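Here is the structure we will look at, set down as structure tokens.
Quick note on labels: first sequence line is chain A, next is B, and so on, each numbered from 1. Since the structure is predicted, the reported quantities are computational estimates derived from the model, not experimental observations.
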2 protein chains.
Amino acid sequence: MNDFIEKLGTFSEEDIAILEKEVQQHMCAKDTCLLKKGEVCSSVYFVKEGAVYHHTTDKDGNLHVIDVNTTNDWVLNHKSFTSRKPSTYQIQVYEDSELYELSITSIHKLIALSPSFLQMGKLLEVVTSRLRFFDGNYTADEKYAYILSNKPELLQKFPQMILASYLKMTPETLSRVRKRVS
Amino acid sequence: MNDFIEKLGTFSEEDIAILEKEVQQHMCAKDTCLLKKGEVCSSVYFVKEGAVYHHTTDKDGNLHVIDVNTTNDWVLNHKSFTSRKPSTYQIQVYEDSELYELSITSIHKLIALSPSFLQMGKLLEVVTSRLRFFDGNYTADEKYAYILSNKPELLQKFPQMILASYLKMTPETLSRVRKRVS
DNA sequence: ACATACACTTGATTAAGATCAAGAACGTAA
DNA sequence: TTACGTTCTTGATCTTAATCAAGTGTATGT
């Protein structure tokens, strides 16, 4: 649990003690749903080991992958979490994973006990900000190269279909990009 | 000033009286800068009449239009405003405009005087959320059709170059789309 | 009225990626 | 082992929009 707490911020010994009481540890099987479409996001997860993806399916049955997380990543729908409005997509475990969970009620309790826990709010803003290429007009090659140099573990954890959807290209294109860039 | 206050929320007579003392009314000439790149956004504007655009210029000298506002729109860099971090772009008046301004210090003062002003925070979140098509993969025709049915006044106020940049297409493409869709 | 500048249009060509289609590689179950 | 279902690869073609280039307005000032 140390790496989890370290990533959360800097805390005193006492703070860590009360924090540890609030954190729940889970072993989640593949396909476990962490947040259903329509539910309000009320927990923050941290991936100790494993893989998680955020997705939705449109009326034509096409899968849209919104986000992907692996080891040492934070997992939450930040928009739903902060606005307390229903999530527009699902968060699901992609492979058997070990997760830490901190509920919103625990977070409120912690902040009431020690204001040093306020730093978590800032953190969650940062960790959930979207990757560069979702704003600008990047080519398929640039998007792949970005992942390759910034988060190559995604390429190992997820199959081409999921990655292609996440990168907004077809699996065929991703296959060709892969060959081209390597 | 009534339409401005109405859009801000629902307030008592006394609230409106203290609010009106804080609002500054401006006549701004074309090209007046409301927020410079690098400054922290510290005011919210409301367009009584006119046109405003948010833009930046990259190292190759290309103009990138991030947002456009016309009559009855709110104007602010929400990210800079809430994070208190420097703006990455400029906000500028595009044609002579009549604007109302509410500074962040005024907002804090108002909230201290009456908690009913807290509703403004929610409002600003909503009004600054990006239009649908900036997430998904929409065609040039779809983007134009969306503006045409949801904010046609933009097409009157701004020249093709600005609109094309905002819609992430070339002016040539926008010209052809225009003919095609109409 | 003329010149200059600027915005817009239109056409021809190019490039990126999607789509369609077929086959290869690999795992799992009978 | 064979058979089936995936996932991934590869090729051929098509579509969208960018680029390049040459026009056509249209306003502004002299």
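For residues 170-180 of chain A, proximity to DNA chain D is found at A:Glu172, A:Ser175, A:Arg176, A:Lys179, defined as any non-hydrogen atom under 4.0 angstrom from a strand atom.
Distance, B:Asp60 CG to D:dT19 P: 12 Å, rounded to whole Å. Between A:Asn62 atom CG and C:dA18 atom P the separation is 13 Å, expressed in whole Å. Distance, B:Tyr138 OH to D:dT16 C1': 17 Å, rounded to whole Å. Taking atom CE of B:Met161 as the reference point, atom C1' of C:dA5 lies 14 Å away to the nearest angstrom. Look at NZ on B:Lys168: it is 14 Å from P on D:dT19, rounded to the nearest Å. If you take CD of A:Gln160 and P of C:dA25, they are 16 Å apart, rounded to a whole angstrom. At whole-Å resolution of the value, OH in B:Tyr144 and P in D:dA17 are 15 Å apart. Following rounding to the nearest Å, A:Ile162 (CD1) and D:dT7 (P) show an atom-to-atom distance of 9 Å.
Annotation: ring-ring contact (aromatic ring centres under 6.0 Å, His included) contacts involving residues 5-26 of chain B, sequence neighbours excluded, comprise B:Phe11-B:Phe117. Within the structure, salt bridge (charged side-chain N to carboxylate O under 4.0 Å, His left out) pairs that include any residue of residues 58-85 of chain A comprise A:Asp73-A:Lys151 (at least two apart or interchain). Residue pairs meeting the salt bridge (charged side-chain N to carboxylate O under 4.0 Å, His left out) criterion with at least one partner in residues 30-46 of chain A, sequence neighbours excluded, are absent. For residues 98-117 of chain A, the salt bridge (charged side-chain N to carboxylate O under 4.0 Å, His left out) pairs, not counting sequence neighbours, are A:Glu22-A:Lys109.
Residues forming a salt bridge (charged side-chain N to carboxylate O under 4.0 Å, His left out) with A:Asp3 (at least two apart in sequence, or on another chain): A:Lys48. With sequence neighbours excluded, no residue forms a side chain to side chain donor-acceptor pair (under 3.5 Å) with A:Glu153. Partners of A:Lys157 by salt bridge (charged side-chain N to carboxylate O under 4.0 Å, His left out), not counting sequence neighbours, listed by chain and number: A:Glu49, A:Glu95.
B:Leu8 and B:Val75 fall into different hydrophobic clusters, defined by Ile, Leu, Val, Met, Phe, Trp and Tyr side-chain heavy atoms under 4.5 Å apart, directly or through other members. Both B:Val65 and B:Leu167 sit in one connected hydrophobic cluster of ILVMFWY residues. Membership requires side-chain heavy atoms under 4.5 Å apart, directly or through other members.
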Contacts under 3.5 Å, N or O only, protein and nucleotides 13-15 of chain D:
none

